[in-house]
Q: 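Would you mind keeping the following structure in view while I ask a few things?
Every chain is numbered from 1 and lettered A, B, ... according to where its sequence line falls, protein lines coming before strand lines. Just so you know, these numbers use all the heavy atoms, side chains as well, and skip hydrogens, waters and symmetry mates.
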There are 2 protein chains.
Amino acid sequence: MAKKANVTIEDVAREVGVSRQTVSRVINKGPNVKPAVREKVEQAIARLGYVPNLSARRMGGGRSYLILAVNDRQRTLENWQAGRGNDWVDQMLYGGMTECEKQGYHLMFELIDTEPEKAPVELSHSIAALRPDGIILTPPHSDNEALAAMLAEKGIPCARIGRRGGEDYIDVYMDEGAAAADAARHLLALGHRKLALIAGSPEYGNSQKRAEGFLSALEQAQCGPGLVAKANFQFDRAAELLEEMLTGPNPPTGVIADNDEMAFAALHVADKLGLRIPDDLSVISFEDTPGVRFSVPPLTAIRQPTAEMIGKACNELIAAAGGQPAKGSFILPYRMVERATTGPLAPRLSQASGS
Amino acid sequence: MAKKANVTIEDVAREVGVSRQTVSRVINKGPNVKPAVREKVEQAIARLGYVPNLSARRMGGGRSYLILAVNDRQRTLENWQAGRGNDWVDQMLYGGMTECEKQGYHLMFELIDTEPEKAPVELSHSIAALRPDGIILTPPHSDNEALAAMLAEKGIPCARIGRRGGEDYIDVYMDEGAAAADAARHLLALGHRKLALIAGSPEYGNSQKRAEGFLSALEQAQCGPGLVAKANFQFDRAAELLEEMLTGPNPPTGVIADNDEMAFAALHVADKLGLRIPDDLSVISFEDTPGVRFSVPPLTAIRQPTAEMIGKACNELIAAAGGQPAKGSFILPYRMVERATTGPLAPRLSQASGS
DNA sequence: AAGAAAAAAGTGAACGTTCACATTTTTGCT
DNA sequence: AGCAAAAATGTGAACGTTCACTTTTTTCTT
């Protein structure tokens with residue numbers, strides 16, 4: 001009847017007849033425990049259903065078994081409020097939780113202010129409250145040097161998504177430039193000669209890298225110069241720009257968009273202009289959100305290894321909490337998922353529209 | 001140079017010249033503090049940048065300021081692995097984080113096994129480790145009485161999403177039946193007389209409730225019986241079933257799908273069969289994931305108040321942690337977002353296909 | 001103005017771990 | 001067999017709060 005108090009490390013120690021420290025060594029996989037004792041302790045833990053209290057572990061000076069994944073507040077909130085959702089966050093959760101669960105860790109999300117000066121303050125408050133063992137910084141915070149420096153000063157391992165280097169921090173990234181170049185070459189190989197990139201926003205580092213990769217691929221193939229139009233990731237703006245291009249002189253026959261929303265705009269405009277996809281116009285997107293599989297036609301897209309990057313980041317962070325140096329540069333492969341919006345350029349047999 | 005230790009409650013107390021307990025009272029908004037003192041303490045807190053350590057608070061016997069949101073492991077993982085994503089989870093994060101942030105709380109996700117017997121074991125381990133102040137149970141775990149009972153026994157407030165009642169727990173739900181009935185009536189009002197429901201899975205309680213609402217609306221309008229086909233939330237199965245229906249005798253002109261994926265299947269089949277949307281076939285979906293806005297045509301859908309339900313749950317849970325009774329039944333309004341897949345039945349002028 | 005009651009403030013203990021170190025046991029070597 | 005070194009185990013203190021009290025100060029009543 002009396003509510004059974006929680007099982008503590010002492011209960012386990014008593015059960016086995018050893019001291020709490022020995023039990024502690026067992027649960028932390030520490031050295032200096034005789035195999036037979038370790039075995040008995042493990043059995044007692046299972047029998048009693050003992051699970052270490054994380055708050056106490058942290059208070060005792062140990063790890064918190066917590067990783068904080070930091071996202072940009074304004075962008076995230078805006079996406080949510082606009083009904084765009086945050087597939088990126090969903091992917092992070094996937095990669096992060098999967099990896100953390102395996103190692104007895106926990107993942108928590110945190111939104112911090114876009115403003116580069118406010119960010120360190122907000123984050124340090126969260127750190128003071130939560131005392132995470134590691135922190136994942138995503139764009140645009142990955143580029144905030146002051147933030148990373150603050151973490152280093154506090155001795156908290158930090159993984160930056162979308163950065164290369166890895167001399168001072170754990171950097172996990174994919175080669176955005178190469179991906180864009182690949183996309184361009186793919187279209188080139190299909191016979192397209194006039195290509196356009198519908199870019200996101202210049203402040204967003206990836207847009208910049210992709211534009212460079214795109215342009216250089218065209219140059220290499222002597223098919224330049226490619227068109228680059230900035231549409232700020234927005235459907236309407238992209239549609240506008242695209243319509244202008246496609247009805248202008250020398251229209252592109254291949255389009256690469258910096259996100260799915262702008263790729264959908266291409267589909268929309270093509271439909272409006274009576275262009276067949278992919279015969280008259282091929283489209284490749286950067287993002288590959290779930291809805292993309294059901295567009296008409298289903299969108300060919302470059303899939304960022306978001307879940308994998310976060311998983312890798314968690315993994316490295318956990319290793320760092322275990323004493324490994326918190327540095328290293330890890331590149332992860334992207335993947336182009338070819339669906340139905342890309343194909344060889346196949347002009348109509350006759351110019352007249354007919355049944 | 002010496003790494004400045006973290007600011008503790010004692011530092012604040014010393015700064016102001018009061019005891020730690022007084023500072024504790026201030027940060028917990030407790031009674032029995034003179035306004036002048038409270039003011040001084042608050043200033044010192046701001047000046048020193050003091051943030052209470054959550055682990056210590058928890059250890060001291062106070063709250064953990066943590067809410068655990070529980071999702072079904074198999075379903076969630078499967079969605080992620082299949083590339084379907086979990087928009088539901090993204091929505092939860094939105095509603096939960098927004099509400100928790102406001103009140104100094106933190107939200108953490110947890111996946112627990114589908115198996116009703118394994119669930120309590122898994123969850124109790126997480127509870128032992130994390131000691132959350134409250135727990136949110138989502139389907140199918142909302143329906144697991146043993147789970148809820150275990151939480152009640154441990155004295156942990158629990159909010160169940162998708163349940164009504166509220167006598168013993170905090171129940172937050174929307175009226176799925178009414179929503180389905182509304183959808184049906186909407187189509188009826190547009191002139192449709194033959195309606196079909198592409199249902200999800202019978203084990204999923206909502207599918208059942210929607211089917212009931214759908215059927216009863218038709219009966220009331222004397223337009224029954226409606227077709228109900230179970231497609232298990234899958235595109236392929238839905239497409240198959242739909243094609244059968246639409247090419248059969250007396251085909252439906254209005255379709256309601258239990259999720260977006262199956263609604264996309266309807267769009268796909270209509271296209272294949274040369275049916276115009278919405279002139280020949282109207283489609284309404286239950287879900288409204290972000291991609292829906294960009295389908296061709298954009299999908300009319302019933303939007304579940306997922307974020308709002310989780311927000312409400314957090315709110316009530318936090319109140320419960322503050323001493324309020326952890327019970328109550330809260331219904332939240334759904335919304336039908338009318339886009340372009342619904343319209344009056346408008347048969348072609350002639351049967352012959354023409355330009 | 002005294003005494004009682006209420007409000008404000010303070011104190012020791014406890015929460016469940018880990019750390020740093022002390023002690024005991026075992027192993028290895030000659 | 002004896003000793004040194006290594007391995008295994010144990011102990012007290014500390015982490016930063018809140019709780020349950022106790023003590024002090026203020027307010028109210030007559």
Side-chain angles (χ1 to χ4, degrees), chain A residues 3-41 44-45 48-66 104 127-131 133 321-323, chain B residues 3-41 44-45 48-66 104 127-131 133 321-323:
Chain A
K3 198 174 284 178
K4 190 175 52 189
N6 295 295
V7 182
T8 75
I9 202 171
E10 298 273 13
D11 297 327
V12 178
R14 204 173 312 118
E15 173 91 0
V16 182
V18 295
S19 72
R20 54 188 148 73
Q21 187 56 29
T22 297
V23 178
S24 177
R25 287 193 182 96
V26 172
I27 62 183
N28 289 300
K29 307 204 191 306
N32 301 345
V33 182
K34 260 201 284 210
V37 175
R38 171 164 270 137
E39 174 89 0
K40 277 204 291 181
V41 170
I45 286 175
L48 265 39
Y50 167 68
V51 178
N53 177 324
L54 290 192
S55 296
R57 286 183 113 167
R58 178 64 235 185
M59 281 308 291
R63 311 192 197 176
S64 62
Y65 294 86
L66 211 208
I127 289 171
L130 263 11
R131 305 294 160 101
D133 288 342
Chain B
K3 198 172 285 177
K4 190 176 54 191
N6 294 295
V7 183
T8 74
I9 202 170
E10 298 274 12
D11 296 328
V12 178
R14 203 172 313 117
E15 173 91 1
V16 183
V18 296
S19 72
R20 51 185 151 73
Q21 187 56 30
T22 298
V23 178
S24 178
R25 287 193 182 97
V26 171
I27 62 183
N28 289 300
K29 306 203 191 308
N32 301 345
V33 182
K34 259 202 284 209
V37 174
R38 170 163 270 137
E39 173 89 0
K40 277 204 291 181
V41 169
I45 286 175
L48 265 37
Y50 167 70
V51 178
N53 176 326
L54 291 190
S55 296
R57 286 183 114 166
R58 178 64 234 185
M59 282 307 291
R63 310 191 197 177
S64 62
Y65 293 86
L66 210 209
I127 289 171
L130 262 12
R131 306 293 160 101
D133 288 343

Q: Would you kindly compare G17(A) and I27(B) by the position of their nearest DNA chain D nucleotide and give the one closer to the 5′ end?
A: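 Its nearest nucleotide being more 5', the pick is G17(A).
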Q: Could you tell me if R58(A) and N53(A) have a donor-acceptor pair between their side chains, going purely by distance under 3.5 Å?
A: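 No donor-acceptor contact under 3.5 Å links the two side chains.
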Q: In whole angstroms, how far is the C1' atom of dG16(C) from the OH atom of Y65(A)?
A: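 My rounded result for the distance is 14 Å.
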Q: Would you compute the distance between atom CZ of R20(A) and atom CG of D11(A) and round it to the nearest 0.5 angstrom?
A: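 If I round to the nearest 0.5 Å, the distance is 13.0 Å.
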Q: Grab the CZ-C1' distance between R131(A) and dT17(D) for me, whole Å please.
A: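 Distance, rounded to whole Å: 12 Å.
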Q: R14(B) has an atom CZ; how far is it from atom C1' of dG10(C), in whole Å?
A: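 Nearest whole value for this atom pair: 16 Å.
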Q: Specify the residue among V18(B) and A56(B) whose closest nucleotide of DNA chain C lies further upstream toward the 5′ end.
A: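 Mapping each residue to its closest nucleotide by heavy atoms, the 5'-most match is V18(B).
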Q: Check whether any side-chain N or O of N28(A) sits under 4.0 Å from OP1 or OP2 of dT18(C), and answer yes or no.
A: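 Answer yes for this pair, as a side-chain N or O of N28(A) is under 4.0 Å from OP1 or OP2.
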Q: What is the separation between atom CG on N6(B) and atom P on dA14(D), rounded to the nearest whole Å?
A: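 Nearest whole value for this atom pair: 18 Å.
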Q: Tell me what R25(B) touches on the nucleic acid: a base, only sugar-phosphate, or nothing, going by heavy atoms under 4.0 Å.
A: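 It contacts base atoms.
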Q: From the set dA9(C), dT17(C), dT26(C), return the single nucleotide nearest to any side-chain atom of R57(A).
A: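 Nearest listed nucleotide: dT17(C).
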Q: Please report the closest heavy-atom contact between V7(B) and Y50(B), naming both atoms and the distance.
A: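 Where V7(B) meets Y50(B) most closely, the heavy atoms are O-CD1, 3.4 Å.
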Q: To the nearest 0.5 angstrom, please state how far the OG atom of S64(A) sits from the CZ atom of R131(A).
A: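 Output value for this atom pair is 9.5 Å.
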Q: What's the CG-C1' distance between D11(A) and dC15(C), to the nearest Å?
A: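 For the pair D11(A) CG and dC15(C) C1', the rounded distance is 13 Å.
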Q: Ignoring the backbone of Q21(B), work out which of dG16(C), dT18(D), dT17(D) is nearest its side chain.
A: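 The listed nucleotide nearest to Q21(B)'s side chain is dT18(D).
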Q: dC15(D) C1' sits how many Å from I9(B) CD1, rounded?
A: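 Between C1' of dC15(D) and CD1 of I9(B): 14 Å.
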Q: At under 4.0 Å, does any side-chain N or O of S24(A) touch on OP1 or OP2 of dT17(C)?
A: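 For dT17(C), neither OP1 nor OP2 has a side-chain N or O of S24(A) closer than 4.0 Å.
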Q: Respond yes when some side-chain nitrogen or oxygen of T22(B) is under 4.0 Å from OP1 or OP2 of dG10(C), and no when none is.
A: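 True: T22(B) side-chain N/O within range (under 4.0 Å) of dG10(C) OP1/OP2.
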Q: Tell me what P52(A) touches on the nucleic acid: a base, only sugar-phosphate, or nothing, going by heavy atoms under 4.0 Å.
A: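 Sugar-phosphate: the residue P52(A), judged by heavy atoms under 4.0 Å, touches backbone atoms but no base.
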Q: Distance check: side-chain N/O of S19(A) vs OP1/OP2 of dT9(D), anything under 4.0 Å?
A: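 So the side chain of S19(A) is outside the cut-off, no N or O lying under 4.0 Å from OP1 or OP2 of dT9(D).
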Q: Ignoring hydrogens and angles, are the base of dT18(D) and the side chain of R20(B) linked by a donor-acceptor pair under 3.5 Å?
A: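 Under the 3.5 Å cut-off, the side chain and the base do form a donor-acceptor pair.
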Q: Return the nearest nucleotide to the side chain of M59(B); candidates are dC15(C), dT17(C), dT17(D).
A: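 It is dC15(C).
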Q: Below the 4.0 Å mark, does dT17(D) have OP1 or OP2 next to a side-chain nitrogen or oxygen of Y50(B)?
A: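 Yes, within the criterion.
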Q: Applying side chain to side chain contact (heavy atoms under 4.5 Å, CB included), run through S24(A) and I9(A) and close with a yes or a no.
A: CA-CA 7 Å; S24(A) 177; I9(A) 202 171; 3.9 Å; yes
Q: Between E10(A) (CD) and dT18(C) (P), how many Å, whole number?
A: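 To the nearest whole Å, that distance equals 11 Å.
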Q: Answer with base, sugar-phosphate or nothing: what part of the nucleic acid does R58(B) contact at a heavy-atom distance below 4.0 Å?
A: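 Nothing, no nucleic acid heavy atom in range.
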Q: Go through the steps for R57(A) and N28(A) under the test side-chain hydrogen bond (donor to acceptor under 3.5 Å, both in side chains), then give the verdict.
A: CA-CA 11 Å; R57(A) 286 183 113 167; N28(A) 289 300; 2.9 Å; yes
Q: Tell me which nucleotide among dT17(D), dT9(D), dT18(D) gets nearest to the side chain of K34(A).
A: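 So the nucleotide nearest the side chain must be dT9(D).
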Q: Could you tell me whether the phosphate oxygens of dA8(D), OP1 or OP2, come under 4.0 Å of any side-chain nitrogen or oxygen in N32(A)?
A: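 Yes, within the criterion.
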